[in-house]
Amino acid sequence: MFKDINKEKPMMMFIDLNSAFATAEQQAHPTLRGKPMGVTNRISKECCVIAASYEAKALGIKVGMRLSEAKAICPGFIMLETDAPKYHQVYQKLVKIMQDYSPKTRMKSIDEGVIDFHGMEPVLNGRTLVEIGYEIKQRVKDEIGDWMRINIGIAPNIFLAKQAAGWHKPDGLDVIDHTNLKKYYQEMKLTDLTGIAERNEARLNSYSIMSPLQFLAADEYMLKKQVFNSITGTYWYRRLRGYEIDDNDTKLGMIGRQWVLKEPTHDNSLIGGYLSYLCETTGMKVRYRNVEARGVCVWAMLRNGEFWQSKRMHKSSFYTNQEIYRRALELFNQRPSGADVQTMGIYCYGLEPSKRSQLDFFEDIAKKDWLTKSVDEINDFYGAFTVYSATTIPGKRVIKQKIPFGGTEYFELLLKRG
């Protein structure tokens, strides 16, 4: 019934640092241990929980919940603002521990990473990955903190290793391979599978696939030609069976920033400064990823509840702060006149590899590139916004750099510039 199951020895290890940022705060502040608490990027009446302690989760406080909602569930709920240097220290120590076991180590997010043990038999020295996993758990407690706990999953591919890491939280260690794959799927719901949310669940249900076990039993042709109507069906067929198809970088689609105004306003002098700051930090990210953009989009949520946005694709690419700001401001000035802005954002899209190494024949283009590089180097050495545009001043005064939860792309950039 279950064909083509991968019987390879599990050599992929997935490490998940439990409630990483809330736990890091509890590690640093012993008085917070055992208490429902969370962190947010900037405390305000309607700020959102972006990381919650296990004690808070047990009460029903979820990531994305507003502070007022969390307080309604637990009046004693404690909210702290993010502390980038603290999380960076945890991140660096976790990476160092993982790299001691294999050079083929990759962080999937700030608090999740994968170790590929293929070809690392000399490092294992006869030990099993389970023994290595328990050793890593102990090292995390010894080298990062006794309150820190990690889940570890071991499997033939990244997908199943991640599933194994979430099997018995908190502080679990599980192996999924061909010997217990059926048992694991029997215990799970479709939405327990990473990548299967309500929309994909409904798609599967429409073809009488109601459980992970039925998903596993589904024919590849049906998944490809009927259920998903694309190569995605083949990917799921192989992924569920333990074959590696996720060991690649996600294509970069857009880069941007957003900001929730503490006091909604239609004052152009303030809004222009906020937009300038968002454009400068977006420009930093664009150059950090060594890409250029051709499209820019600006958007705003207005106090009256309306959503407004404007976007434009340009014939030529751009990457400097000034170019991004000029294009963004031209669009943002088209927003409804007199409307108070509550949340605003910008993103660049149409990204392509940078051509900056191929200097233009025209001197003014070359000067633009040299100037941008010089400013970036000064800010790298002396700290963020040592040199910046005067139009950025209003934004720099009030906008706090957010911790990039969910990815590592900009974490090192943030700390280098912080």
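Hydrogens, waters and symmetry mates play no part in the numbers below; they use all other heavy atoms, side chains included.
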K.L.:
Side-chain contact, heavy-atom cut-off 4.5 Å: P264 with V341?
P.N.:
no
K.L.:
How many angstroms lie between atom NZ of K96 and atom OG1 of T105, to the nearest 0.5 angstrom?
P.N.:
12.5 Å
K.L.:
So does G195 get a backbone contact from the side chain of N200, meaning a donor-acceptor N/O pair under 3.5 Å?
P.N.:
yes
K.L.:
Which residue pairs satisfy the side chain to side chain donor-acceptor pair (under 3.5 Å) criterion with at least one member in residues 205-218, sequence neighbours excluded?
P.N.:
none
K.L.:
Quick one: CH2 on W167 to CE on M188, what's the gap to the nearest 0.5 Å?
P.N.:
6.5 Å
K.L.:
Side chain to side chain donor-acceptor pair (under 3.5 Å) for T194 and Q163? Distances and angles first, verdict last.
P.N.:
CA-CA 7 Å; T194 300; Q163 295 296 135; 3.0 Å; yes
K.L.:
When you look at N18 and N151, which way does the side chain to side chain donor-acceptor pair (under 3.5 Å) test go after all the steps?
P.N.:
CA-CA 7 Å; N18 299 328; N151 293 308; 2.4 Å; yes
K.L.:
Should Q309 and C297 count as side-chain neighbours, where that means a heavy-atom distance under 4.5 Å?
P.N.:
yes
K.L.:
Ignoring hydrogens and geometry, is there a side-chain-to-backbone donor-acceptor pair from N290 to R287 under 3.5 Å?
P.N.:
no
K.L.:
Any side-chain heavy atom of I154 sitting closer than 4.5 Å to one from I132?
P.N.:
no
K.L.:
Within the structure provided, determine whether L67 and T40 are in side-chain contact (heavy-atom separation under 4.5 Å).
P.N.:
no
K.L.:
Can you tell me which residue pairs pass the salt bridge (Lys or Arg N to Asp or Glu O under 4.0 Å) test with a partner in residues 312-322, sequence neighbours excluded?
P.N.:
R312-E330
K.L.:
Does E323 reach the main-chain N or O of T320 with its side chain, forming a donor-acceptor pair under 3.5 Å?
P.N.:
yes
K.L.:
Look up atom CD in E135 and atom CG in D100, then write down how far apart they are to the nearest 0.5 Å.
P.N.:
9.5 Å
K.L.:
Quick one: does any side-chain atom of E81 pair with a main-chain N or O of R42 as donor and acceptor, under 3.5 Å?
P.N.:
no
K.L.:
Start with the C-alpha gap between E8 and H118, add the side-chain angles, then the distance that decides, and say whether side chain to side chain donor-acceptor pair (under 3.5 Å) holds.
P.N.:
CA-CA 11 Å; E8 177 191 0; H118 286 95; 2.5 Å; yes
K.L.:
What is the distance from atom OG1 of T232 to atom NZ of K224, rounded to the nearest 0.5 Å?
P.N.:
10.5 Å
K.L.:
Could you state the interatomic distance from CG (N157) to NZ (K162), rounded to the nearest 0.5 Å?
P.N.:
13.0 Å
K.L.:
Would you call the rings of H88 and Y91 parallel, tilted or perpendicular, where under 30° means parallel and over 60° means perpendicular?
P.N.:
parallel
K.L.:
Does the cation-pi check pass for R149 over Y54, that is, NZ or CZ under 6.0 Å from the six-membered ring centre and within 45° of its axis?
P.N.:
yes
K.L.:
Quick one: do I15 and V140 satisfy side chain to side chain contact (heavy atoms under 4.5 Å, CB included)? Show the steps, please.
P.N.:
CA-CA 11 Å; I15 293 177; V140 167; over 6 Å; no
K.L.:
Salt-bridge test for R139 and D142: reply yes if a basic N is under 4.0 Å from a carboxylate O, no otherwise.
P.N.:
no
K.L.:
Less than 4.5 Å apart, side chain to side chain, heavy atoms only: is that true for R294 and M313?
P.N.:
yes
K.L.:
Do Y185 and L240 come close enough that some side-chain heavy atom pair is under 4.5 Å?
P.N.:
yes
K.L.:
Can you find a pair of side-chain heavy atoms, one from F332 and one from I271, that are under 4.5 Å apart?
P.N.:
yes
K.L.:
Working to the nearest 0.5 angstrom, can you tell me the gap between K137 NZ and I97 CD1?
P.N.:
12.5 Å
K.L.:
Does Q342 reach the main-chain N or O of M301 with its side chain, forming a donor-acceptor pair under 3.5 Å?
P.N.:
no
K.L.:
Where the side chain of R33 meets the backbone of Q27, is there a donor-acceptor pair that is under 3.5 Å apart?
P.N.:
yes
K.L.:
Can you tell me which residue pairs pass the salt bridge (Lys or Arg N to Asp or Glu O under 4.0 Å) test with a partner in residues 16-28, sequence neighbours excluded?
P.N.:
D16-K169, E25-K86
K.L.:
Out of the candidates F14, W236, Y243, Y184, only one should pair with F159 under the ring-ring contact (aromatic ring centres under 6.0 Å, His included) rule; please name it.
P.N.:
W236
K.L.:
Determine yes or no for a side-chain-to-main-chain donor-acceptor pair under 3.5 angstrom, with S102 supplying the side chain and D116 the backbone.
P.N.:
yes
K.L.:
Passes side chain to side chain donor-acceptor pair (under 3.5 Å), Y237 versus D4? Steps please.
P.N.:
CA-CA 9 Å; Y237 182 85; D4 305 324; 2.7 Å; yes
K.L.:
Can you find a pair of side-chain heavy atoms, one from D174 and one from I176, that are under 4.5 Å apart?
P.N.:
no
